[in-house]
Amino acid sequence: MINKKVNTVQDALQGIENGMTIMLGGFGLCGIPENSIAELVKKENKDLTCISNNAGVDDFGLGLLLQKRQIKKMISSYVGENAEFERQMLSGELEVDLIPQGTLAERCRAAQAGIPAFFTPAGYGTEVAEGKETREFNGKMHVMEHAFKADFAIVKAWKGDEAGNLIFKGTARNFNPCMAGAAKITIAEVEELLPAGSLDPNEIHIPGILVNRIFQGVNYEKRIEQRTVRKIF
């Protein structure tokens, strides 16, 4: 069996260079590849295009890369919790492509499945559709969207094995599964890395064929973006 395990995050991120396009899994701060993002900050890669549902917060997640001006362009669907993102966008320092959330997910999944483009009704008649081909299906207008083209996809899972099979936990099963295998190289960081054959095949969410490198992460903070509590009367 092919062993996809690498020993360190440095080994996992080998080959990432300035100007590349990188997919990063996660929703808000849930299920983000914390170790890999921290290492990208240390590597000081510049002019990155990042495809992610959101841009983290000011001092965590992709917000760390934004602070260091390492991101040239963000392709996202939600960016409301990051003041530095807002500042860079409004000042023109950062290119931004805002995409409907479902379209963002499907453009990842299409890349994963080898589908070059698809039609969706989302965004028709808005700025989202400007310059894109449109077509009518069953009496409803649709916009053609292209699959993403990324150099690396970095995902975070709960458990994985050395063959690259992945299991996600709870809400971390968000953009991570559809980004795995959606780039030239997929890197998975996991909380628990087990020998091949240790996982129940019926519980695997992503098969190892979609993963190129896997490593065990450490010291996960798992921050909560907005903690909301109910008053007890």
Side-chain angles (χ1 to χ4, degrees), residues 16-28 30-33 37 40 45-56 61-63 65-66 69-155 173-187 206 210:
I16 294 181
E17 300 175 354
N18 295 348
M20 283 189 166
T21 298
I22 304 174
M23 290 181 171
L24 297 112
F27 187 93
C30 180
I32 64 172
I37 292 172
L40 285 172
N45 293 116
K46 302 290 185 181
D47 298 324
L48 298 174
T49 295
C50 292
I51 301 169
S52 177
N53 179 64
N54 66 302
L62 290 181
L65 289 170
L66 286 168
R69 307 293 194 276
Q70 292 173 254
I71 300 176
K72 177 185 71 174
K73 182 177 182 179
M74 276 297 309
I75 300 175
S76 304
S77 69
Y78 176 74
V79 293
E81 302 297 330
N82 194 315
E84 178 60 19
F85 180 102
E86 179 184 18
R87 190 198 67 75
Q88 289 187 29
M89 181 178 70
L90 294 177
S91 68
E93 298 172 43
L94 179 69
E95 296 178 48
V96 178
D97 190 359
L98 290 177
I99 300 175
Q101 194 167 76
T103 302
L104 181 73
E106 188 63 11
R107 289 179 70 181
C108 295
R109 196 194 67 83
Q112 180 191 68
I115 297 169
F118 60 92
F119 282 92
T120 173
Y124 177 77
T126 72
E127 292 181 10
V128 170
E130 288 182 5
K132 298 176 182 176
E133 180 181 342
T134 58
R135 192 178 298 183
E136 183 179 333
F137 294 93
N138 301 318
K140 190 171 185 177
M141 295 301 297
H142 292 66
V143 181
M144 188 172 76
E145 298 283 0
H146 289 269
F148 286 126
K149 294 180 180 179
D151 298 294
F152 283 83
I154 305 176
V155 302
R173 193 177 176 185
N174 42 55
F175 281 84
N176 285 299
C178 62
M179 287 184 173
K184 295 175 183 176
I185 296 176
T186 294
I187 300 163
I206 288 295
L210 297 179

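All values below were derived from every heavy atom in this structure, side-chain atoms included, with hydrogens, water molecules and symmetry-related copies excluded.
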Reported [atom1]-to-[atom2] distance for the pair [X] and [Y], which is rounded to 0.5 angstrom:
X: E84; Y: L62; atom1: CD; atom2: CG; value: 13.0 Å
X: E106; Y: C178; atom1: CD; atom2: SG; value: 8.5 Å
X: E17; Y: M20; atom1: CD; atom2: CE; value: 4.5 Å
X: S52; Y: I75; atom1: OG; atom2: CD1; value: 10.5 Å
X: L48; Y: F152; atom1: CG; atom2: CZ; value: 11.0 Å
X: M179; Y: I206; atom1: CE; atom2: CD1; value: 12.0 Å

**OP:** Mark yes when over 12 heavy atoms from residues, nucleotides or ligands other than K46 sit less than 6.0 Å from its NZ; otherwise mark no.
**Re:**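 Correct, the count exceeds 12.
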Original post:
Counting only heavy atoms not in E127, do more than 12 sit closer than 6.0 Å to its CD atom?
Top reply: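 No - once you tally the heavy atoms of other residues, nucleotides and ligands closer than 6.0 Å, there are 12 at most.
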Original post:
Is there a side chain to side chain contact (heavy atoms under 4.5 Å, CB included) between T21 and I51 once you walk through the steps?
Top reply: CA-CA 7 Å; T21 298; I51 301 169; 3.7 Å; yes
Subject >> H146 backbone acceptor or donor facing R107 side chain under 3.5 Å >> reply: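 A pair under 3.5 Å: yes.
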**OP:** Using modelled atom types only, decide if a donor and an acceptor are shared between the side chain of D47 and the backbone of N18 within a distance under 3.5 Å.
**Re:**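 No: the side chain of D47 does not pair with the backbone of N18.
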Original post:
Which residue, H142, E145, K132, forms the side-chain contact (heavy atoms from CB on, under 4.5 Å) with F119?
Top reply: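 When H142, E145, K132 are each tested with F119, the side-chain contact (heavy atoms from CB on, under 4.5 Å) holds only for H142.
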**OP:** Check the pair M144 / F118 against side chain to side chain contact (heavy atoms under 4.5 Å, CB included), numbers first and verdict last.
**Re:** CA-CA 6 Å; M144 188 172 76; F118 60 92; over 6 Å; no
Subject >> Plane angle bin for F175 and F27 - parallel if under 30°, tilted between 30 and 60°, otherwise perpendicular >> reply: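 Parallel: the ring planes of F27 and F175 meet at under 30°.
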**OP:** Any chance you could lay out the side-chain hydrogen bond (donor to acceptor under 3.5 Å, both in side chains) test for N54 and S76, step after step, and finish with the verdict?
**Re:** CA-CA 5 Å; N54 66 302; S76 304; over 6 Å; no
Could you report the tightest heavy-atom contact between [X] and [Y], atom names first, then the distance?
X: A111; Y: A147; result: N-CB, 3.6 Å
X: G61; Y: I37; result: O-CG2, 3.4 Å
X: A183; Y: A153; result: CB-N, 3.4 Å
X: P177; Y: N174; result: CD-O, 3.4 Å
X: A129; Y: G123; result: CB-O, 3.6 Å
X: S77; Y: I99; result: CB-O, 3.0 Å

**OP:** Verify side chain to side chain contact (heavy atoms under 4.5 Å, CB included) between L94 and F85, making sure each step is shown before the conclusion.
**Re:** CA-CA 8 Å; L94 179 69; F85 180 102; 3.7 Å; yes
**OP:** Taking atom types as modelled, find out whether N53 and Q101 have a side-chain donor-acceptor pair closer than 3.5 angstrom.
**Re:**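 Checked: N53/Q101 side chains pair up, N/O donor to acceptor below 3.5 Å.
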Can you check whether [X] reaches [Y] side chain to side chain, under 4.5 Å on heavy atoms?
X: Y124; Y: T134; value: yes
X: Q112; Y: L210; value: yes
X: E93; Y: R69; value: yes
X: M74; Y: D97; value: no
X: L66; Y: Q88; value: yes
X: D151; Y: I185; value: no

**OP:** Show your reasoning for whether side chain to side chain contact (heavy atoms under 4.5 Å, CB included) applies to T49 and I22.
**Re:** CA-CA 6 Å; T49 295; I22 304 174; over 6 Å; no
